[in-house]
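The analysis underlying the following values was restricted to heavy atoms, covering all of them including side chains, and did not include hydrogens, waters or symmetry mates. Nothing here was measured: the structure is a model prediction, and the numbers come from that model.
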Amino acid sequence: MTPAIALLKREKIAHTVHSYAHDPKADSYGGEAVEKLGLDPAQVFKTLLASSETHELLVAIVPVAGQLDLKALAEAAGCKRCEMAGVDEAQRATGYLVGGISPLAQKKRLRSFLDASAQALPRLHVSAGRRGVEVELTPADLLRLTGGRYAPIGKPR
């Protein structure tokens, strides 16, 4: 059990765990989840970490069907600019490996932003903290557990 799943159970949050055999050769972790679980790509969200000009780490949760708009994230966070965080930095701060970074139960509490497109969804899927494991929950529960907020931070590919 991952820290993310343990948190959901401890907080008695309604959720569903979905797992699949992860292929280490997959070129997109989120794309692999969509394909192997037969999910709508608009309902599967990837967890990305960005760093502001002051080196504050920010969590961005965006649909796998699109990509993160770093300018929009900077605006939402009240920063001048953002860039993607390094792999080692992201793994150290979250306690998860890239490809399995969950927005839930990270080692450090970071400001989190969920793409505004999630507001229209009854449920969404995010990493459960391990490659090949996704968790399904409501956007409202995700925001409550992360202390996050909605922001228009995603853009189409």
Side-chain angles (χ1 to χ4, degrees), residues 1-8 17-37 39 41-118 124-137 139 141-157:
M1 181 179 329
T2 67
I5 295 170
L7 173 67
L8 291 165
V17 176
H18 302 272
S19 55
Y20 57 92
H22 166 63
D23 179 358
K25 295 179 188 142
D27 48 327
S28 165
Y29 298 110
E32 181 185 29
V34 166
E35 181 185 320
K36 290 196 173 174
L37 296 174
L39 301 171
Q43 292 182 307
V44 179
F45 284 66
K46 55 190 170 187
T47 305
L48 304 171
L49 270 78
S51 179
S52 73
E53 76 279 358
T54 62
H55 306 290
E56 176 190 8
L57 287 178
L58 304 167
V59 176
I61 309 158
V62 296
V64 299
Q67 59 189 29
L68 173 61
D69 182 335
L70 287 165
K71 285 184 180 180
L73 176 61
E75 185 176 318
C79 304
K80 290 180 183 168
R81 62 182 165 75
C82 288
E83 61 185 31
M84 295 304 297
V87 170
D88 290 342
E89 189 178 23
Q91 292 181 158
R92 256 192 322 276
T94 64
Y96 296 114
L97 294 176
V98 167
I101 293 180
S102 177
L104 300 164
Q106 296 180 351
K107 275 179 31 180
K108 292 183 180 174
R109 183 70 167 223
L110 304 172
R111 287 200 295 155
S112 299
F113 300 87
L114 175 59
D115 184 60
S117 66
L124 54 76
H125 299 257
V126 295
S127 175
R130 186 176 306 134
R131 295 171 185 159
V133 185
E134 295 282 309
V135 66
E136 178 183 354
L137 71 164
D141 283 336
L142 177 61
L143 287 179
R144 189 164 50 80
L145 291 173
T146 61
R149 67 179 182 85
Y150 289 114
I153 58 170
K155 63 182 178 181
R157 282 186 193 220

Can you list everything that forms a side-chain hydrogen bond (donor to acceptor under 3.5 Å, both in side chains) with [X]? Sequence neighbours excluded, please.
| X | result |
| --- | --- |
| E56 | R111 |
| E136 | H18, R123 |
| S52 | T54 |
| R130 | none |

| task | Report the C-alpha distance between L110 and L58 in whole Å, list the side-chain angles of each, state the deciding distance to 0.1 Å, and finish with yes or no for side chain to side chain contact (heavy atoms under 4.5 Å, CB included). | result | CA-CA 6 Å; L110 304 172; L58 304 167; over 6 Å; no

| message | D69: which residues meet the salt bridge (charged side-chain N to carboxylate O under 4.0 Å, His left out) condition with it, sequence neighbours left out? | response | none

What heavy-atom pair brings [X] and [Y] nearest, and what distance separates the two atoms?
| X | Y | value |
| --- | --- | --- |
| K155 | L68 | CE-O, 3.9 Å |
| A116 | Y150 | CA-CD2, 4.2 Å |
| T146 | P103 | CG2-O, 3.3 Å |
| A128 | S102 | C-CB, 4.0 Å |

| query | Hey, does the side chain of Q91 reach the backbone of V98 with a donor-acceptor pair shorter than 3.5 angstrom? | reply | yes

| task | Without swapping roles, check the side chain of S51 against the backbone of L49 for a donor-acceptor pair under 3.5 Å. | result | no

Rounded at 0.5 Å granularity, tell me how far [atom1] in [X] sits from [atom2] in [Y].
| X | Y | atom1 | atom2 | answer |
| --- | --- | --- | --- | --- |
| L142 | I61 | CG | CD1 | 4.5 Å |
| T2 | L8 | OG1 | CG | 8.0 Å |
| S127 | E134 | OG | CD | 5.5 Å |
| I101 | R131 | CD1 | CZ | 9.0 Å |
| T47 | L104 | OG1 | CG | 8.0 Å |
| L145 | L7 | CG | CG | 5.0 Å |

Can you list everything that forms a side chain to side chain contact (heavy atoms under 4.5 Å, CB included) with [X]? Sequence neighbours excluded, please.
| X | value |
| --- | --- |
| R157 | K46, Q67 |
| A76 | F113, R149, A151, I153 |
| P63 | F45, D115, S117 |

Could you pull out all donor-acceptor pairs under 3.5 Å where a side-chain atom in residues 77-89 meets a protein atom, sequence neighbours excluded?
none

Just list the side-chain donor-acceptor pairs under 3.5 Å for residues 24-37, sequence neighbours left out, or say none.
from : atom 1 : to  : atom 2 : distance (Å)
S28  : OG     : G31 : N      : 2.9
E32  : OE1    : H22 : ND1    : 2.7
E32  : OE2    : D23 : N      : 2.6
E32  : OE2    : K36 : NZ     : 3.2
K36  : NZ     : A21 : O      : 2.5

